[in-house]
**Q** 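The structure under discussion is supplied below as structure tokens; questions concerning it will follow.
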Amino acid sequence: MTNSVVSQLDCILIVPRFEDPSMKKEIGNKEMLGVQYLAAVLDTSDFSSKHINGYAEKMDNDMLVQLAVKDSPLVVGVSCPSQRSYPVAKDFIQKLRSGGYAGHICLGGPYSSVDYETVMEECPELDSIIIGEGEHVLVQLLQCIKTGDESYKELPGVVSRSDDGDITCLPPQRISNLDALPFPKRDLRLVENKNIRKKMFRLMASRGCYGRCSFCSIIKFYEPRFRIYRSPQNVVDEIEYLVNTYNISTFRFNDEIFYDLSKNGLRWIHEFAQEIKDRNIAISFDIQMRANDISKNEVMLLKEIGLTRISIGAESGIQRILDEMKKDVKAETVKNAIEVIQECGIETILGWIAIIPTMSFDELKENYRFLFNTSCYSEANVYNKLNLYKGCSYEEILARQGLIVPGSESSERHNYTYADPRVDVFAQMVDLAREVLRGFYKQVAFIEERSIETEDYRFFKHIRSESLALWRNMIEQLLLKLEDTTSRTTDLAEFIHLETNKFNEVLTQHNYILR
């Protein structure tokens, strides 16, 4: 089939535009470093290629299909960065094939890497999936397709179908020398829109994670599971290039862990800081960390060179839950890590899962007590519940307890029930509140846009502060009401409607009319 294709291009990389209906505003930064690295590799190779990002081009799947069919490349590479985006990627692939494209369709990304058998079965239009890091494998696959060589099916990290239809896959290989990769391809349209106060670029200083968290599937993307760093000099070279080329000096590191307290981790972080100082580069940046790797000396060192925010994977304040999550950390360590970050004057963003299906009602209450005793929780922390990602250990944990709901869509992240009936009712009420407040948050997003235009954030910050307080009050009262085991769901739903009306009152008090 592939040999008969007359192509103008060797490859087109497509990022379908995924729009989450639960989002109240357009995502600020839409960079996807994985596919941007692939685009850069193709740009420096002997293959002719295009990179079409549905977000940057503001194109839906129908428009993207028209472009791909028109160019008719040998290979169309499709990005599937998340479980939620899979239905959109699948829709694009099916429309591409039914639209007349006869070449090779390849899918890649974290979700399709961990659930590739399901994807291949649900999407027969696919020819292959690249699992894990794809920079080297994509080039090898293109070489095979271009010469009509079917041996691409024997490449490590390529999922394909045998002649009799069986799904075959050889384990992927890690890229050991990240410095050898070109810097990811940049597009200012991915970092510019009306919802951004300050433009920033995403960066990766390392790949992989030593953690084994039960809720995480990305650790299976990097197999074998260990961290590989870029050299500090290489990372700072990219920072310097971006500052000088685009006059943008704000960065967000996408590393699952920016540094750890191993000997290599500490040496890397000190060399990185010294490299920034030696080159006298003025930047601001934020990072992601595990609680057990927070060290005051290193946080202060990074603050000296521009660190402004740390997203810390706290997740829970209940030791049994932390153990179930395989966080390998004590609840007291989580508490101390938050305090250290705040003492250093760094903005703290909590990674927090408030509602876990295995929780008892008492654990649910204690989890909220722990959360509210921090001074850095957000509205998302208050209502966030476990996202069940394909390939994560929680699938097995919930299956053993009979909590998995059978027959769910492969992209569904909440296909479970709760061990404790009161936790179940609580979760239903929180979901109801979020649904009722959808209009409120759309208005808040409008207010934020206006505040960015006028550079006056006082009213927006006031609204967010008021709504956070209302959420806390609603949660605390709901927990009290559920202490009474005779509480009726209809009465609790009525309570939620009454409480959510208070959110709208905050706007009307300030002469904002809900739209």
Side-chain angles (χ1 to χ4, degrees), residues 1-2 5 9 11-27 30-32 34-36 38-39 49-131 134 138 141 158-161 165 167 187 189-190 217 221 387-391 407-415:
M1 178 182 68
T2 305
V5 177
L9 284 172
C11 182
I12 294 181
L13 293 177
I14 300 283
V15 180
R17 185 177 181 178
F18 165 66
E19 294 182 339
D20 188 343
S22 67
M23 295 296 290
K24 313 304 183 300
K25 63 178 183 178
E26 185 180 5
I27 299 171
K30 308 183 199 66
E31 289 194 296
M32 296 178 187
V35 73
Q36 289 169 229
L38 294 177
S49 63
K50 276 185 181 180
H51 171 216
I52 304 175
N53 189 301
Y55 294 100
E57 305 292 346
K58 300 188 183 301
M59 291 182 175
D60 61 18
N61 278 352
D62 291 333
M63 300 169 71
L64 291 171
V65 165
Q66 288 181 11
L67 282 179
V69 171
K70 178 182 176 182
D71 286 327
S72 190
L74 284 173
V75 175
V76 173
V78 185
S79 172
C80 181
S82 69
Q83 196 161 314
R84 288 186 296 169
S85 65
Y86 168 59
V88 179
K90 181 170 70 171
D91 175 73
F92 169 78
I93 291 167
Q94 291 171 339
K95 287 180 176 177
L96 179 64
R97 192 64 85 196
S98 64
Y101 177 70
H104 189 101
I105 303 177
C106 178
L107 184 66
Y111 169 63
S112 54
S113 290
V114 299
D115 200 24
Y116 60 81
E117 289 185 345
T118 299
V119 173
M120 290 293 277
E121 289 170 0
E122 291 185 350
C123 203
E125 297 84 359
L126 263 179
D127 294 294
S128 65
I129 296 174
I130 291 179
I131 61 176
L138 177 60
L141 182 141
V158 172
V159 180
S160 61
R161 295 183 180 86
I167 296 171
D187 186 334
R189 293 173 298 176
L190 298 175
S217 62
F221 184 78
N387 289 326
L388 189 62
Y389 295 111
K390 296 292 182 181
S408 302
E409 291 289 332
S410 55
S411 59
E412 173 57 50
R413 296 169 298 140
H414 303 129
N415 56 325

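What you see is a predicted model, and the numbers here were worked out from it, not measured in a lab.
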**Q** Quick test of your reading: applying ring pair (Phe, Tyr, Trp, His ring centres under 6.0 Å), list the pairs with at least one residue in residues 59-98, sequence neighbours left out, ordered by first then second residue.
**A**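 Residue pairs passing ring pair (Phe, Tyr, Trp, His ring centres under 6.0 Å), neighbours aside: Tyr86-Tyr111.
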
**Q** Donor-acceptor check, side chain of Asp127 to backbone of Ile105, threshold 3.5 angstrom: yes or no?
**A** yes

**Q** How close do Phe221 and Pro110 get, heavy atom to heavy atom, and via which atoms?
**A** CD1-CA, 3.6 Å

**Q** Please check if the side chain of Asp187 supplies one atom and the backbone of Arg189 the other of a donor-acceptor pair under 3.5 Å.
**A** yes

**Q** Looking at residues at least two apart in the chain, or sitting in another chain, which of them share a side-chain contact (heavy atoms from CB on, under 4.5 Å) with Glu31?
**A**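 For Glu31, the residues satisfying side-chain contact (heavy atoms from CB on, under 4.5 Å) (neighbours in sequence not counted) are Asn29, Gln36, Arg186, Leu190, Val191, Phe201, Arg202.
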
**Q** Would you compute the distance between atom CG of Asn61 and atom CD1 of Ile93 and round it to the nearest 0.5 angstrom?
**A** 9.5 Å

**Q** How many angstroms lie between atom CG of Leu107 and atom SG of Cys123, to the nearest 0.5 angstrom?
**A**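 SG of Cys123 is found 7.5 Å from CG of Leu107.
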
**Q** Ignoring hydrogens and angles, tell me if any N or O in the side chain of Tyr55 forms a donor-acceptor pair with the backbone of Phe18 under 3.5 Å.
**A**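 Such a contact is found between Tyr55 side chain and Phe18 backbone.
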
**Q** What pair of heavy atoms forms the shortest contact from Leu74 to Tyr101, and how long is it?
**A**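 It is O-OH, 3.1 Å.
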
**Q** With a 4.5 Å cut-off on side-chain heavy atoms, are Pro73 and Cys11 touching?
**A**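 No - every pair of side-chain heavy atoms lies 4.5 Å or more apart.
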
**Q** Hey, mind stepping through Leu96 and Glu125 against side-chain contact (heavy atoms from CB on, under 4.5 Å) and telling me if it holds?
**A** CA-CA 9 Å; Leu96 179 64; Glu125 297 84 359; over 6 Å; no

**Q** To the closest 0.5 Å, what do you measure between CD1 (Ile131) and OG (Ser128)?
**A**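 Those atoms lie 11.5 Å apart.
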
**Q** Any side-chain heavy-atom pair from His414 and Asn387 closer than 4.5 angstrom?
**A** yes

**Q** State the CG-NZ distance between Leu9 and Lys70, to the nearest 0.5 angstrom.
**A** 11.5 Å

**Q** Could you check whether any side-chain N or O of Ser98 sits under 3.5 Å from a backbone N or O of Lys95, counting only pairs where one atom can act as donor and the other as acceptor?
**A**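 Here the side-chain-to-backbone pair exists.
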
**Q** If you look at every heavy atom in Leu64 and Val15, which pair is closest and at what distance?
**A**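 Closest pair (atom of Leu64, atom of Val15, distance): CD1-O, 4.1 Å.
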
**Q** Measure the CD-CG distance between Gln66 and Asp71 for me, rounded to the nearest 0.5 Å.
**A** 12.0 Å

**Q** Of all the heavy-atom pairs spanning Ala89 and Pro16, show the shortest one and how long it is.
**A** CA-CG, 4.2 Å

**Q** Say whether, by atom type as modelled, one donor and one acceptor occur between the side chain of Gln83 and the main chain of Lys390 under 3.5 angstrom.
**A** yes

**Q** Taking atom CG of Leu141 and atom CD1 of Ile130, what is their separation to the nearest 0.5 Å?
**A**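 Separation between the atoms: 5.5 Å.
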
**Q** For Asp60, check salt bridge (Lys or Arg N to Asp or Glu O under 4.0 Å) against everything at least two apart and list the hits.
**A** none

**Q** Is the backbone N or O of Val88 less than 3.5 Å from a side-chain atom of Arg17, with the two atoms forming a donor-acceptor pair by type?
**A** no

**Q** Leu67 vs Met59, test: side-chain contact (heavy atoms from CB on, under 4.5 Å). Steps then yes/no.
**A** CA-CA 10 Å; Leu67 282 179; Met59 291 182 175; 3.5 Å; yes

**Q** Please assess Leu138 against Leu13 for the test side-chain contact (heavy atoms from CB on, under 4.5 Å), listing each intermediate value before the final yes or no.
**A** CA-CA 11 Å; Leu138 177 60; Leu13 293 177; 4.2 Å; yes

**Q** State, to 0.1 Å, how close Ser112 and Gly109 come at their nearest heavy-atom pair, and which atoms those are.
**A**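 Of all heavy-atom pairs spanning Ser112 and Gly109, the closest is OG-O, 3.3 Å.
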
